[in-house]
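Worksheet: one structure, shown below.
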Protein chains: 2
Amino acid sequence: MIDRRVQKTRKILSQALVSLILEKGYDAITIQDIIDRANVGRSTFYAHFENKDQLLLVGNENFRHILKSKVEDGELAIDFEFFFQHVAENYDLALAFFGKKGGHVLIDFFRDIIADLLMKHYKTKQQVSEKMQLKMLGYQADAVATSIIRLLTLWVEDRLPFSAKAMADVSNKMIKQLEEESPIFKVAL
Amino acid sequence: MIDRRVQKTRKILSQALVSLILEKGYDAITIQDIIDRANVGRSTFYAHFENKDQLLLVGNENFRHILKSKVEDGELAIDFEFFFQHVAENYDLALAFFGKKGGHVLIDFFRDIIADLLMKHYKTKQQVSEKMQLKMLGYQADAVATSIIRLLTLWVEDRLPFSAKAMADVSNKMIKQLEEESPIFKVAL
DNA sequence: AAGTTATGATACATTATGTTCGATAAAATA
DNA sequence: TATTTTATCGAACATAATGTATCATAACTT
């Protein structure tokens, strides 16, 4: 098991980072800010993390793995209502992760995961074999994933004016757009 | 008219920034890097710009205003083929603006412009009056604009494997998805 | 040709970076 | 409990970037 001192240090560093994000924005935060806020020695920080990004990623593995574990449990499609609900239930964290003041680390993380899942999903719905068509489908999966994450950030920044279900419905609508084979694939690429 | 020394200084600073983006990525660039590369005095930089972002914005007004002027010429919809074509014709710049190594300044700029235009466009197609429905439509316009910019960045980063027309077709497809009134608006928000 | 102004060079105080070291306190282990 | 292991702190360090200020000079405008 992990040394209790280590657990304590990592936790307080994570909390310091989150609180600082809400105050001054991720990009403006320095390592110095974090160790001042956490009351942790400079050398201690570097004994655990290489930089801010790593602290954010490692310090929030629980939150990050929600989507992943949920999907690896067997379902192919994504339960967006569950996802938006989970975000709503962790509003303070979500604001730090996805709000205006947040950084790009977790946004990119979730975008990539969703894009991968969408790509698998689309490939089951369509028979696309040609190389360039597959590439274009990849673009679209990525673009749709990006738009869903964008919806999420607008929603969070706006203090959740809609229900998680409404957000999931809009997300699913954006996904469905690409489910059927469409004339776009017959266009000269 | 503007002092020739000023024109020269601003131009060389802009060029220095663009070349540095391609080398080390926008976020990692310091003011020191820029003035070293441009061979310009530190005080001179600050006489013209407050920071990197401003240099990037002011130094590329021509590129930025392409979309805006094109639309203000009377058309309501956006000519995405023209837009993607313009990007392709300025590939080096586009790579610095929208590639992996680029910053978020111009991406955000274009996203906001496109989102505004889409919102106007949707409002002419649909009769949406209820406040929350209007807000949700705004989310969707923003999300679609975000996905189009994402398509652009993937395309540019990938060295333009598709024609500008193909990219415009995909973009327009994503836009059309929201043109008709859809069941989503009857969902409980 | 005279007056105006942008520039470069230099200097400055402040702040952050990433690393190293030894003393100390806190933990695991026997 | 006694002993060993190890995480932390505090301090120091060289390096680098920041934003501001001043002044002589060169380049520009009129």
Side-chain angles (χ1 to χ4, degrees), chain A residues 1-62 96 100-106, chain B residues 1-62 96 100-106:
Chain A
M1 51 213 79
I2 302 175
D3 194 310
R4 297 203 300 262
R5 290 169 293 181
V6 172
Q7 298 180 41
K8 190 179 169 186
T9 298
R10 291 187 182 165
K11 187 175 179 184
I12 201 171
L13 282 171
S14 271
Q15 291 171 337
L17 178 54
V18 169
S19 71
L20 281 165
I21 290 174
L22 299 175
E23 287 174 29
K24 62 189 301 192
Y26 186 78
D27 293 342
I29 297 171
T30 65
I31 307 288
Q32 192 65 47
D33 290 330
I34 300 170
I35 62 181
D36 284 350
R37 172 67 55 96
N39 236 311
V40 156
R42 161 173 231 73
S43 48
T44 302
F45 178 94
Y46 286 106
H48 291 277
F49 307 103
E50 287 184 3
N51 49 47
K52 260 194 302 180
D53 288 2
Q54 201 188 346
L55 169 58
L56 193 65
L57 279 172
V58 175
N60 296 285
E61 281 188 318
N62 292 341
K100 272 184 210 141
K101 297 193 167 180
H104 284 267
V105 181
L106 290 177
Chain B
M1 51 212 78
I2 302 174
D3 194 312
R4 297 202 299 261
R5 290 169 293 181
V6 172
Q7 298 180 41
K8 190 179 169 187
T9 298
R10 291 186 184 166
K11 186 175 180 183
I12 201 172
L13 281 172
S14 270
Q15 291 172 337
L17 178 54
V18 169
S19 71
L20 281 165
I21 290 174
L22 299 174
E23 287 174 30
K24 61 189 301 192
Y26 186 78
D27 292 342
I29 297 170
T30 65
I31 307 289
Q32 192 66 45
D33 290 331
I34 300 171
I35 63 181
D36 285 349
R37 172 67 55 95
N39 237 312
V40 155
R42 161 172 230 74
S43 50
T44 302
F45 178 93
Y46 286 106
H48 291 277
F49 307 102
E50 287 184 2
N51 48 48
K52 261 193 302 180
D53 288 2
Q54 201 187 345
L55 169 58
L56 192 66
L57 278 172
V58 175
N60 297 285
E61 282 188 317
N62 292 342
K100 272 183 211 144
K101 296 191 167 181
H104 285 267
V105 181
L106 290 177

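In what follows, every chain begins at residue 1, and chains take the letters A, B, ... in the order their sequences are listed.
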Could you check whether any side-chain heavy atom of [X] comes within less than 4.5 Å of a side-chain heavy atom of [Y], counting everything from C-beta outward?
{"X": "B/V6", "Y": "B/H48", "result": "yes"}
{"X": "A/L13", "Y": "A/L17", "result": "no"}
{"X": "A/L55", "Y": "A/N51", "result": "no"}
{"X": "B/H104", "Y": "A/H104", "result": "yes"}

inquiry  = I'd like to know if B/R5 reaches the base of D/dA27 with its side chain, counting only an N/O donor and acceptor under 3.5 Å.
reply    = yes

Rounding to a whole Å, what distance do you find between [X]:[atom1] and [N]:[atom2]?
{"X": "A/Q7", "N": "C/dA26", "atom1": "CD", "atom2": "C1'", "answer": "14 Å"}
{"X": "B/I29", "N": "D/dT18", "atom1": "CD1", "atom2": "P", "answer": "11 Å"}
{"X": "A/L55", "N": "C/dT17", "atom1": "CG", "atom2": "P", "answer": "13 Å"}
{"X": "A/K11", "N": "D/dT8", "atom1": "NZ", "atom2": "P", "answer": "15 Å"}
{"X": "B/F49", "N": "D/dT20", "atom1": "CZ", "atom2": "C1'", "answer": "18 Å"}

Contact check, residues 33-45 of chain B vs DNA chain D, heavy-atom distance under 4.0 Å, returns B/R42, B/S43

Under a 4.0 Å heavy-atom cutoff, the residues of residues 14-23 of chain B touching DNA chain D are none

Minimum heavy-atom distance [X]-[Y], with the two atoms named:
{"X": "B/A96", "Y": "B/V18", "value": "CB-CG1, 3.9 Å"}
{"X": "B/Q54", "Y": "B/E50", "value": "OE1-N, 2.8 Å"}
{"X": "B/R10", "Y": "B/F49", "value": "CG-CZ, 3.9 Å"}

Pairs: protein N or O with nucleotides 28-30 of chain C N or O, under 3.5 Å:
from   : atom 1 : to   : atom 2 : distance (Å)
C/dA28 : OP2    : A/R4 : NH1    : 3.1

Dot-bracket for DNA chain C, 5' to 3', Watson-Crick and G-U pairs with both distances under 3.5 Å, [ ] for crossing pairs, | for partner on another strand, reads ||||||||||||||||||||||||||||||

Sequence neighbours excluded, the answer for side chain to side chain donor-acceptor pair (under 3.5 Å) partners of B/R4 is none

By nearest-nucleotide position on DNA chain D, the 5'-leaning member of B/K8 and B/Q32 is B/Q32

When rounded to the nearest 0.5 Å, the distance separating NZ of B/K52 from CG of B/L20 is 10.0 Å

Here the gap from B/L22 atom CG to B/K100 atom NZ, rounded to the nearest 0.5 Å, amounts to 13.5 Å

Identify all side-chain donor-acceptor contacts of residues 26-40 of chain B below 3.5 Å with residues at least two apart in sequence or on another chain.
from  : atom 1 : to    : atom 2 : distance (Å)
B/Y26 : OH     : B/D53 : N      : 3.1
B/Y26 : OH     : B/D53 : OD1    : 2.4
B/T30 : OG1    : B/Q32 : N      : 3.4
B/T30 : OG1    : B/D33 : N      : 3.0
B/T30 : OG1    : B/D33 : OD2    : 3.2
B/Q32 : OE1    : B/R42 : NH1    : 3.0
B/Q32 : NE2    : B/D36 : OD1    : 3.3
B/D33 : OD2    : B/K24 : NZ     : 2.7
B/D33 : OD2    : B/T30 : N      : 3.0
B/R37 : NH1    : B/S19 : OG     : 3.0
B/R37 : NH1    : B/E23 : OE2    : 3.0
B/R37 : NH2    : B/E23 : OE1    : 2.9
B/R37 : NH2    : B/E23 : OE2    : 3.4

### Query
Are any of B/H48's side-chain N or O atoms less than 4.0 Å away from OP1 or OP2 of C/dA6?
no

Closest to the side chain of A/Y46, out of C/dT19, D/dT6, C/dA6, is C/dT19

